[in-house]
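Every chain is numbered from 1, with letters handed out A, B, ... down the list of sequences. Reckoned from all heavy atoms, side chains included, excluding hydrogens, waters and symmetry mates. In this text, all values refer to a predicted model and were calculated from it rather than measured experimentally.
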Protein chains: 2
Amino acid sequence: MITIKEIAKLANVSGATVSRVINNSGYVSDGVRQKVMKIVDENKYVPSEHAKALRTKHSKVIGVILPRISTETASRIVNGINEVLAPEGYQIILASSDLELRNEIKYLKLFKSRQVEGIILNATNTSKELMEEVDDLTIPFVAIGQELKGESYVSYNNYEVAKGLTNYLIKKGHKKIAFIGVDEKDTAVGYDRKKGYLDTMKDHSLSIDENWIKTGSFAMTFGEESMESIMNNSLTTPSAVFAVTDRLAIGAMKYLKKHLYKIPDDIAVVGIGASELAEFVEPGLTTVDFNNEKAGREAAQLILNKIQDKEYKNKEIILNYRLIERDSVR
Amino acid sequence: MITIKEIAKLANVSGATVSRVINNSGYVSDGVRQKVMKIVDENKYVPSEHAKALRTKHSKVIGVILPRISTETASRIVNGINEVLAPEGYQIILASSDLELRNEIKYLKLFKSRQVEGIILNATNTSKELMEEVDDLTIPFVAIGQELKGESYVSYNNYEVAKGLTNYLIKKGHKKIAFIGVDEKDTAVGYDRKKGYLDTMKDHSLSIDENWIKTGSFAMTFGEESMESIMNNSLTTPSAVFAVTDRLAIGAMKYLKKHLYKIPDDIAVVGIGASELAEFVEPGLTTVDFNNEKAGREAAQLILNKIQDKEYKNKEIILNYRLIERDSVR
DNA sequence: AGTTTATGTGTAATCGATTCCACACTAAAA
DNA sequence: TTTTAGTGTGGAATCGATTACACATAAACT
């Protein structure tokens, strides 16, 4: 790897001058500039980002922590982030927390040591440990997907969406609505969505069979198992199921179809997320679109603002949503 | 950001000693070790990776260049890469080439300047410009998805798969087989798969209507448009379509279903890639699984080998494939 | 006893850039 | 003619770690 010093020697100038040439800063005569450029090109010199970052504190890197790498939501978010960061010359360094709190914290620390200029966390919880770690971060930080009070975040109106979707089912004539959710430690997806469902049922004085409510993992198979359990163990079988994600909903549909229930006639299904699968599964799944790309873009923009303006105050962005009506509800 | 020097001062020792403590290297007495650790913890000191990398040349970062971030293939590959890299303490820095050669080259250079320890390129072509750039890279390099001769790569047996799939259709009684492909600059997906189809048709002395062959983009809409054009402009309508990716195949199915053709009775469809969509679309799409995760894992392992052993010779890995028979062919 | 050997710690050089400062020169303004 | 301002360049400090080397002390051998 050729260094600035060697380039300087080859061009018979000082390192300072070479630096001025490649950064287009300060005064450099045209002759010298040309000569240096030539040598830079000939030797395919590229300055060391580490040396640069050490000196300037600008690494042009943003750390992104995801719960899992290989999910539709994650890749949409990263895509959105990249869309605004790439044109600004920033790069993304990835980490996957595998849904473990201690990994979220571990990578927060690691990113700090890498001197990333900003951190975007696709959070899965709002635990105290996490908040503490985030609070004494001096690097610009933005969370996606959870409302981390006191920090900047981009999230969705999970409670309202759940209410809306439940209301939608009720308006369609359903009274017996089952629920497939996830662990409530995930405040946004687990707790808020469940509360939206519960509150709405209560608002309409609709009773809930205790076997109608399942909470577990994000796996499609969990949707399937839950549906099975609901159909087999409930005192009265529900006429609709509200699943907290599309995958869960599709898992439920899988079970229902296998056992020859007619969707939406025997039982209606709704999900959340507007995954591509939801569009192609049969019948098409009624769901709500959260626009994950936009969440990524907004988060990236927030980070950028914070980097450029150290005084930039925390901002909370709640993205709106869009109901996509298809054929899994009638 | 607290530095090693400040920790040293607080602990009344030299920076060298602090370094020894945090790296567990050299001799340090127990008392001093304890004292330093305490101060490190209290001040939440994390060493600067830039300073470290500048000195040691080890950044513990691998650069990954993808054609697009938000595709199922890409995220599976990244996932595979991460699976083997993360336990080794490596992180992934991402770049998206947006299918543009000049971006592939741009990021190759950028990664060089970032002193990443290795580069994995999910290539979209085998052009001379790219090869040249790759050839004079001194950093460990592995390509995924294209056979970059002279370099290490992990790829799929595209030609054989295309032959196999075409043969499969023929064996099922099809003689009139249309083809939806992509630009042949993409050697692996564009050229090789098309050649496999063409050669097999020839082997069986089956003639091809010139309107049966379409090549264009990877977009699902292109599959749809192609199918439309095939059905409307061919002299004799085909009884089967071989699409070079699942998305293209599903696009074709979309058109067919909209126009009430029966799949597989009126027309059979096959794709490649084993996307999740292919499983849930109706009828289920017959396709072949390339195991992208494994490709990612293998590539990461190759990079690791190259990093650990500078003499490690280039290796070419061709992953095998698995036919998944579903209901889009009878 | 004298001599190794193991243990413990500090000094200073180093990695490869950026940038402040000093200095030199030229040209225009006073 | 002297000032002043604008150009152009180099020297050297600096960023924050690691590590070779020197040196000191204590323990273990002859």
Side-chain angles (χ1 to χ4, degrees), chain A residues 1-37 39-40 43-61 89 109-117 138-139, chain B residues 1-37 39-40 43-61 89 109-117 138-139:
Chain A
M1 256 323 219
I2 194 161
T3 71
I4 201 172
K5 212 174 278 181
E6 304 175 65
I7 295 291
K9 190 164 288 171
L10 288 173
N12 265 313
V13 295
S14 72
T17 299
V18 176
S19 175
R20 285 185 199 108
V21 171
I22 59 179
N23 292 302
N24 245 298
S25 63
Y27 294 113
V28 184
S29 70
D30 254 21
V32 170
R33 162 163 283 117
Q34 233 97 89
K35 186 171 56 176
V36 170
M37 280 308 249
I39 301 206
V40 163
N43 297 76
K44 292 175 188 281
Y45 165 71
V46 280
S48 155
E49 293 291 331
H50 292 302
K52 201 185 278 192
L54 178 58
R55 184 63 226 255
T56 65
K57 310 281 171 226
H58 298 313
S59 62
K60 284 281 183 179
V61 169
K109 276 190 183 145
L110 186 62
F111 281 154
K112 186 176 158 200
S113 77
R114 287 209 184 278
Q115 313 233 155
V116 299
E117 292 190 51
T138 51
I139 308 169
Chain B
M1 258 319 223
I2 193 160
T3 70
I4 200 172
K5 213 173 278 180
E6 305 175 65
I7 295 291
K9 189 163 290 170
L10 289 173
N12 266 312
V13 295
S14 72
T17 298
V18 177
S19 175
R20 286 186 197 108
V21 170
I22 59 180
N23 293 301
N24 245 298
S25 63
Y27 294 112
V28 185
S29 69
D30 253 21
V32 171
R33 162 163 285 120
Q34 232 97 89
K35 184 171 57 177
V36 170
M37 281 307 249
I39 301 204
V40 163
N43 297 76
K44 292 175 186 278
Y45 164 73
V46 280
S48 154
E49 292 292 329
H50 293 302
K52 201 186 279 195
L54 179 59
R55 184 64 227 255
T56 64
K57 310 285 173 223
H58 299 311
S59 61
K60 285 281 182 179
V61 169
K109 276 189 182 144
L110 186 64
F111 282 154
K112 188 176 156 197
S113 78
R114 287 211 185 276
Q115 312 232 156
V116 299
E117 292 190 52
T138 50
I139 307 169

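For A:S29, a side-chain nitrogen or oxygen approaches OP1 or OP2 of D:dT9 to under 4.0 Å. For the OP1/OP2 pair of C:dT18 and a distance below 4.0 Å, the side-chain nitrogens and oxygens of A:K57 include no atom meeting the criterion. Of the side-chain N and O atoms in B:Y27, none sit less than 4.0 angstrom from OP1 or OP2 of D:dC23. At the phosphate of C:dT18, neither OP1 nor OP2 sits under 4.0 Å from any side-chain N or O atom of A:T56. Side-chain nitrogen and oxygen atoms of A:S19 include at least one within less than 4.0 Å of the OP1 or OP2 phosphate oxygen of C:dT18. Within the structure, a side-chain polar atom (N or O) of B:S14 is placed less than 4.0 Å from OP1 or OP2 of C:dG10.
Nucleic acid contact class of B:V13 (heavy atoms, under 4.0 Å, all strands): sugar-phosphate only. At a threshold of 4.0 angstrom between heavy atoms, the contacts of A:V18 with the nucleic acid are absent. Backbone-only engagement by A:N12 is indicated by non-hydrogen atom pairs under 4.0 Å involving sugar-phosphate atoms exclusively.
Of the candidates C:dA17, C:dT9, D:dG11, C:dA17 carries the atom nearest the A:I4 side chain, counting heavy atoms from C-beta on. Among the nucleotides C:dA17, D:dT19, D:dG16, the one closest to the side chain of A:S48 is C:dA17.
To the nearest angstrom, C1' of C:dG10 lies 15 Å from NZ of B:K9. The interatomic distance linking A:H58 (NE2) with C:dA17 (C1') rounds to 14 Å, in whole Å. When the C1' atom of D:dA26 is taken as reference, atom CG of B:D30 falls 16 Å away, rounded to whole Å. As rounded to whole Å, 9 Å separates atom P of C:dG16 from atom CE of A:M1. One atom, CG of A:N24, and another, P of C:dT18, lie 12 Å apart when rounded to the nearest Å. The distance from atom CD1 of A:I22 to atom P of C:dA17 is 7 Å, rounded to the nearest whole Å. The CD-P distance, from B:E6 to D:dG16, rounds to 8 Å in whole Å. Protein atom NZ of B:K5 is 11 Å distant from nucleotide atom C1' of C:dA12, rounded to whole Å.
Between A:K57 and B:M1 there is no side-chain heavy-atom pair separated by less than 4.5 Å. B:K109 is not listed as a side-chain neighbour of A:K44, based on a closest heavy-atom distance of 4.5 Å or more.
Across the interface with DNA chain D, nearest-nucleotide mapping of B:L54 and B:R20 shows B:L54 to be the residue nearer the 5′ end. The nearest heavy atom of DNA chain C to B:R33 and to A:A51 marks one nucleotide each, and the one closer to the 5' end goes with B:R33.
The minimum heavy-atom distance between B:L54 and A:A51, with the atom names listed, is CD1-CB, 3.9 Å. Of all non-hydrogen atoms in A:I2 and A:Y45, the two that sit nearest each other are O-CD1, 3.4 Å. Across all non-hydrogen atoms, the minimal contact from B:V32 to B:V13 is CG1-CG1, 4.0 Å.
No donor-acceptor contact under 3.5 Å links the side chain of A:R55 to the base of D:dG16.
By the neighbour-count criterion of 12 heavy atoms within 6.0 Å, atom CE of A:M37 is sparsely surrounded, having that number or fewer from other residues, nucleotides or ligands.
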